[in-house]
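Step one of this worksheet: look at the structure below.
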Amino acid sequence: MSDELDGVEESTAPIWAAFGDLMSVLLGVFVLILVGVIGVQLQLSNKLDEAVKQRQAEAQRRMTLEQALAVPLAAGRVTLVNGRIGIRGSVLFALNSDQLQPEGREVLKSLAAPLSDYLKSRDEILMVSGFTDDRQVRDGNRQFADNWELSAERALTVTRALIADGLPASSVFAAAFGAEQPVSSNADDEGRARNRRVEISPIPKQSAATQPTATVTPHD
C-alpha cells in the first residue's frame with residue numbers, strides 16, 4: 001500500500017511543478033501586457049497634452065497678432081485668416097505690375113511698426129508670399145516671363161517696402177507661388193482678383209530654410 005501511495009505522489013509532483021511554471025509564465029505575460037498598456041496610455045496622454053499646448057500656443061499667437069494689427073484690420077485694409085495677413089493684389093499693384101500703388105504703400109506703412117513690435121517677443125520670421133491668377137502675363141505684358149516671376153517680383157517689392165519702413169531685414173524673406181495656390185476659382189473676374197494677392201505669414205525661424213517654395217532674398 002505504501003509503495004502505491006509513493007508512486008501516486010511521485011506521478012503528481014511533476015504535474016504541479018509544470019502547473020506552477022505555467023502560472024508563472026502567464027503572470028509574466030500579464031505583467032508585460034499591463035506594462036505595455038500603461039506605456040501606451042502614457043504616450044497617448046503626453047501626445048494629447050502636447051496637442052492641447054500647441055493649440056493654446058497657436059490661439060495665443062493669433063490673438064497677439066490680431067491685437068498688433070488692430071488698426072489696419074479695423075480699417076478693412078488687410079485680412080487675417082489662420083495667422084496669415086492677406087492684402088488684395090489690386091490694393092498693392094496695378095494689373096501685371098510689380099510697382100506699388102499709393103494705397104498699397106500706405107497699407108504697408110501701417111503694417112511695418114506693429115509687425116516689428118510683434119516680432120520682438122517672438123522667435124519667428126515673416127514670409128512674404130506672392131500669388132497670381134492663372135492667366136499668363138505674357139499675353140499682355142512682356143516684362144515678366146511668367147506668373148512665377150511676377151509673383152516673385154511682387155513679393156520682393158513688398159519685402160523691400162517693409163524693410164524700408166523699419167522691419168529688420170533679418171526678420172523677413174520673400175517667396176513666390178505663382179498661380180499654384182488659388183483661394184478662389186479662376187473662372188471669373190472676382191475669383192481671379194482674390195487669387196492675385198500678397199500674404200504675410202509669421203513662421204518659426206528654424207523652418208524658414210526648409211519651406212517648400214521658391215525663395216529669394218530681399219537684397220539686390
Side-chain angles (χ1 to χ4, degrees), residues 65-119 124-137 139-184 186 188-203 213-220:
L65 187 59
E66 186 173 350
Q67 291 172 349
L69 300 174
V71 174
L73 284 172
R77 309 180 84 178
V78 300
T79 60
L80 183 61
V81 180
N82 295 328
R84 299 193 304 272
I85 305 163
I87 311 174
R88 278 281 190 101
S90 58
V91 172
L92 295 171
F93 307 101
L95 188 65
N96 287 340
S97 171
D98 65 341
Q99 301 301 307
L100 277 176
Q101 300 187 118
E103 182 184 2
R105 191 73 187 85
E106 291 301 316
V107 169
L108 295 179
K109 282 183 178 180
S110 72
L111 294 177
L115 286 174
S116 295
D117 292 339
Y118 170 82
L119 290 174
E124 294 177 337
I125 188 171
L126 296 178
M127 179 172 68
V128 179
S129 306
F131 303 85
T132 69
D133 60 29
D134 66 343
R135 289 189 170 180
Q136 295 300 315
V137 298
D139 294 339
N141 188 331
R142 299 188 180 278
Q143 180 181 356
F144 307 103
D146 51 27
N147 282 322
W148 286 104
E149 185 175 348
L150 174 59
S151 65
E153 290 300 329
R154 285 182 168 182
L156 270 174
T157 297
V158 172
T159 298
R160 290 179 174 128
L162 291 172
I163 293 172
D165 288 331
L167 197 69
S170 59
S171 297
V172 60
F173 72 100
F177 288 83
E180 298 307 313
Q181 295 193 24
V183 293
S184 187
N186 281 302
D188 52 49
D189 291 340
E190 184 178 352
R192 286 191 292 271
R194 284 196 292 268
N195 291 331
R196 296 191 297 270
R197 68 198 191 278
V198 170
E199 291 181 354
I200 304 172
S201 307
I203 61 174
T213 59
T215 60
V216 284
T217 63
H219 302 292
D220 292 329

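Since we're looking at a predicted model, the values are computed, not measured.
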message: Go through it in stages, so that I can follow the logic: the residues are Asn147 and Gln136, the test is side-chain contact (heavy atoms from CB on, under 4.5 Å), and I'd like the CA-CA distance, side-chain angles, deciding distance and then a yes or no.
response: CA-CA 6 Å; Asn147 282 322; Gln136 295 300 315; 3.9 Å; yes

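- Here the closest heavy-atom approach between residue Ala155 and residue Ala175 is recorded as CB-O, 3.5 Å.
- Applying the salt bridge (charged side-chain N to carboxylate O under 4.0 Å, His left out) test to every pair with at least one member in residues 147-159, sequence neighbours left out, gives no pairs at all.
- The nearest pair of heavy atoms linking Leu111 to Pro72 is CD2-CG, 3.9 Å.
- For the pair Thr132 (side chain) and Arg196 (backbone), a donor-acceptor distance under 3.5 Å is absent.
- Looking at heavy atoms from C-beta onward, Ile125 lies out of side-chain contact with Val172 at the 4.5 angstrom threshold.
- Distance alone, capped at 3.5 Å, places no donor-acceptor pair between the Asp133 side chain and the Ala179 backbone.
- Considering only heavy atoms from C-beta on, Ile200 stays 4.5 Å or farther from Met127 through its side chain.
- The distance from the CG atom of Asp117 to the CD atom of Gln67 is 12.5 Å, given to the nearest 0.5 Å.
- Using a distance-only test at 3.5 Å, with no hydrogens or angles considered, a donor-acceptor pair links the side chain of Asn195 to the main chain of Val183.
- At least one side-chain heavy atom of Arg192 sits under 4.5 Å from a side-chain heavy atom of Asp134.
- Separating the OG atom in Ser171 from the CG atom in Leu162 is a distance of 11.0 Å, to the nearest 0.5 Å.
- Two residues are said to be in side-chain contact when any heavy atoms from C-beta on lie closer than 4.5 Å; Thr159 and Leu167 fail this criterion.
- In summary, Arg197 and Glu199 engage in a salt bridge, as defined by a charged side-chain N under 4.0 Å from a carboxylate O.
- Within the 4.5 Å cutoff, side-chain heavy atoms of Leu126 are placed close to those of Leu119.
- Side-chain contact between Ile85 and Ser201: absent, with no pair of heavy atoms (C-beta onward) separated by less than 4.5 Å.
- Expressed to the nearest 0.5 Å, how far CZ of Phe93 lies from CD of Gln101 amounts to 9.0 Å.
- For the residue pair Gly166 and Ser116, the shortest heavy atom distance occurs at O-OG, 3.7 Å.
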message: Apply side-chain contact (heavy atoms from CB on, under 4.5 Å) to residues Leu156 and Arg160 and explain how you reach the verdict.
response: CA-CA 6 Å; Leu156 270 174; Arg160 290 179 174 128; 3.9 Å; yes

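- Within the 3.5 Å criterion, the main-chain N or O of Gly178 finds a donor-acceptor partner in the side chain of Ser151.
- Asn96 and Phe144 make their closest contact through O-CE1, 3.4 Å (heavy atoms, listed as atom of the first residue, atom of the second, distance).
- The stretch residues 161-170 participates, sequence neighbours left out, in these salt bridge (charged side-chain N to carboxylate O under 4.0 Å, His left out) pairs: Arg105-Asp165.
- The two atoms that bring Leu150 and Ser97 nearest to each other are CD1-O, 4.0 Å, heavy atoms only.
- Judged purely by atom type and a 3.5 angstrom limit, Asp146 uses its side chain to pair as donor or acceptor with the backbone of Trp148.
- Tyr118 and Glu124 share a side-chain donor-acceptor pair at under 3.5 Å.
- In plain terms, the two heavy atoms of Ala161 and Leu100 that are nearest each other are CB-CD1, 3.8 Å.
- By the 4.5 Å heavy-atom criterion applied to side chains, Leu73 and Glu66 are counted as neighbours.
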